[in-house]
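Each chain gets a letter, A, B and so on, in the order its sequence line appears, and its residues count up from 1. Worth knowing before you read on, the calculation uses all heavy atoms, side chains too, and leaves out hydrogens, waters and symmetry mates.
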Amino acid sequence: VSWQVYLPYVLVMAVVTYLVRAVPLTLVRKPIRSTFFRSFLRYVPYAVLAAMTFPDVLFSTGYTLSGSSLPAWSAGLTLPWAPLLCAAVGLLAGTLFAWRSKSLLTVAVVSCAAVAAAQACCLLFFR
Amino acid sequence: MEAYGYREGLRDGLPIGLGYLSVSFAFGITAVAAGMTPFQALLISMTNVTSAGQLAGVSLIAAAAPLTEMALTQFTINLRYALMSLSLSQKLDGSMGWLQRLIFAFCNTDEIFAVASSQPGTVGKRYLYGLMVMPWLGWSLGTILGAAAGSLLPEFVRTALGIAIYGMFLAIILPPARRSLPVRLAVVLAGGMSIALFFLTGIGGGYRIILCGVTVSALLAWLFPGEEAAP
């Protein structure tokens, strides 16, 4: 990406992100009164992260809806949608470990390992 | 008298930094795949220090989205930090003046907030400054490593690492979802709505997140208001 395109975007990202963090920490020193607004703010992280994870996690291993520019390793497999399947395996493993309250690092590593294992199985059994 | 100083902050930040290293490595790979140079990827991590916002940001840059969509998306995704900053502002001791608050705000991530607010009593600037160091270094270092070395890795490994950042999201949302019914509903409804919008409409990624986040949070705040509803 050229710097003329890149810089305005990054400036907007950095400034908005910083203001969201800094304004409440410095200006608002009294607790918010509205129960509705307080509850709303409490739900935002979970709703936002869930909306970011689904369905995008299924495309994290290179699967595309159009079927174009799929990962080269999956070319020639007898199994259709192999990258999608591997992402689903990774999602399942990540869900199981996160549900048991494993640490951020553990869940991230286990998800990646599960995808790698699934990819290896695809190569071994469906060539 | 501060019970926790700079050294304790560094120590508590180390595991966060290590976790960030792996996730930002994956972010570096994603950013380069979306067309950034390694230095551009690093600059985003050094100035933003937020996983979800950066991931959405990179895909919006790649899609040449309007700047307003970028600003609104960042605002919504990062709105959770406003809540964390609000909550943490009640926990700071007298050593945290205006300037210290402005500096610390830069690094108030989900995990730093969780560690800082789990300390007994109030927290001061030495501890918080120490706490910021390792996560920021880990996040930046992982990004440049992923961006620079990512292309050297076999494609087989790169595709497996792409899921790391979503693993982190799951680790953040699922434990509270297990404990609390309203949070469980928030996760299921927002995830389901996002899937529906993705497949049924051509709505952009940024607006999809905003729409799901705001609608579902408002609905649940209306159905389950109160302090105990969400952790």
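- Contacts of S74(A) with chain B are absent, with no heavy-atom separation under 4.5 Å from either backbone or side chain.
- Interface remark: T47(B) contributes backbone and side-chain atoms alike to the contact with chain A (heavy atom separation under 4.5 Å).
- Across L88(B), L102(B), T109(B), a single residue satisfies side-chain contact (heavy atoms from CB on, under 4.5 Å) together with R21(A), and that is T109(B).
- The two residues W73(A) and A82(A) come nearest to each other via the heavy atoms CH2-CB, 4.4 Å.
- Looking at T106(A) and S103(A), their side chains do bring a donor and an acceptor atom within 3.5 Å of each other.
- For a residue to count as touching a neighbouring chain, one of its non-hydrogen atoms must lie under 4.5 Å from one of that chain's; by this rule F198(B) touches chain A with the side chain only.
- Top candidate by heavy-atom pairs under 4.5 Å with chain A, chosen from L189(B), I165(B), L220(B), T76(B), is L220(B).
- With a 4.5 angstrom heavy-atom cutoff, A56(B) touches chain A via backbone and side-chain atoms both.
- Chain A forms the most heavy-atom pairs under 4.5 Å with one residue out of S85(B), G167(B), A171(B), and that residue is S85(B).
- Side-chain N or O atoms of T17(A) include none that pairs as donor or acceptor with a backbone N or O of A14(A) at under 3.5 Å.
- Looking at Q40(B), its side chain does come within 3.5 Å of a backbone N or O of T37(B) through a donor-acceptor pair.
- Both the backbone and the side chain of L43(B) come within less than 4.5 Å of a heavy atom of chain A.
- Between chain B and the residues Y9(A), Y18(A), F37(A), F97(A), the most heavy-atom pairs under 4.5 angstrom are made by Y9(A).
- Aromatic ring pairs are classed by plane angle as parallel below 30°, tilted from 30° to 60° and perpendicular above 60°; the pair F199(B) and F59(A) is tilted.
- In terms of heavy-atom pairs under 4.5 Å with chain A, the best-connected choice from C212(B), G213(B), A186(B), A82(B) is A82(B).
- Under 3.5 Å, the side chains of S194(B) and R208(B) contain a donor-acceptor pair of N or O atoms.
- The main-chain N or O of W139(B) is found under 3.5 Å from a side-chain atom of S24(B) such that the two form a donor-acceptor pair.
- Using a 4.5 Å cut-off between heavy atoms, V57(A) contacts chain B through both its backbone and its side chain.
- In terms of heavy-atom pairs under 4.5 Å with chain B, the best-connected choice from A108(A), G94(A), A118(A) is A108(A).
- Taking CZ of F27(B) as the start and OG of S45(B) as the end, the distance is 4.5 Å to the nearest 0.5 Å.
- A donor and an acceptor atom, one from each side chain of Y20(B) and S140(B), are nowhere located under 3.5 Å apart.
- For F40(A), the parts sitting under 4.5 Å from any heavy atom of chain B are the backbone and the side chain alike.
- With rounding to the nearest 0.5 angstrom, the CD atom of Q74(B) is 6.5 Å from the CG atom of N48(B).
- Heavy-atom pairs under 4.5 Å with chain B were tallied for L105(A), L91(A), D56(A); the largest tally goes to D56(A).
- No part of L58(A) comes within reach of chain B, as not one of its non-hydrogen atoms sits under 4.5 angstrom from that chain.
- Options G62(A), A98(A), S111(A), A114(A) differ in how many heavy-atom pairs under 4.5 Å they form with chain B, and the most are formed by A98(A).
- Using a 4.5 Å cut-off between heavy atoms, V12(A) contacts chain B through its side chain alone, with no backbone atom that close.
- Counting heavy-atom pairs under 4.5 Å between each of V157(B), V23(B), V214(B) and chain A puts V214(B) at the top.
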### Working for side-chain hydrogen bond (donor to acceptor under 3.5 Å, both in side chains), residues Y81(B) and T50(B)
CA-CA 10 Å; Y81(B) 294 130; T50(B) 169; 2.9 Å; yes
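- If you measure heavy-atom distances from V49(B) to chain A, the contacts under 4.5 Å come from both the backbone and the side chain.
- The choice from A64(B), P154(B), A177(B) that makes the most heavy-atom pairs within less than 4.5 Å of chain A is A64(B).
- In this structure, no portion of T68(B) lies under 4.5 Å from any heavy atom of chain A.
- Between M96(B) and L128(B), some side-chain heavy-atom pair lies under the 4.5 Å cut-off.
- When the candidates I163(B), I16(B), I172(B) are compared by the number of heavy-atom contacts under 4.5 Å with chain A, I163(B) comes out ahead.
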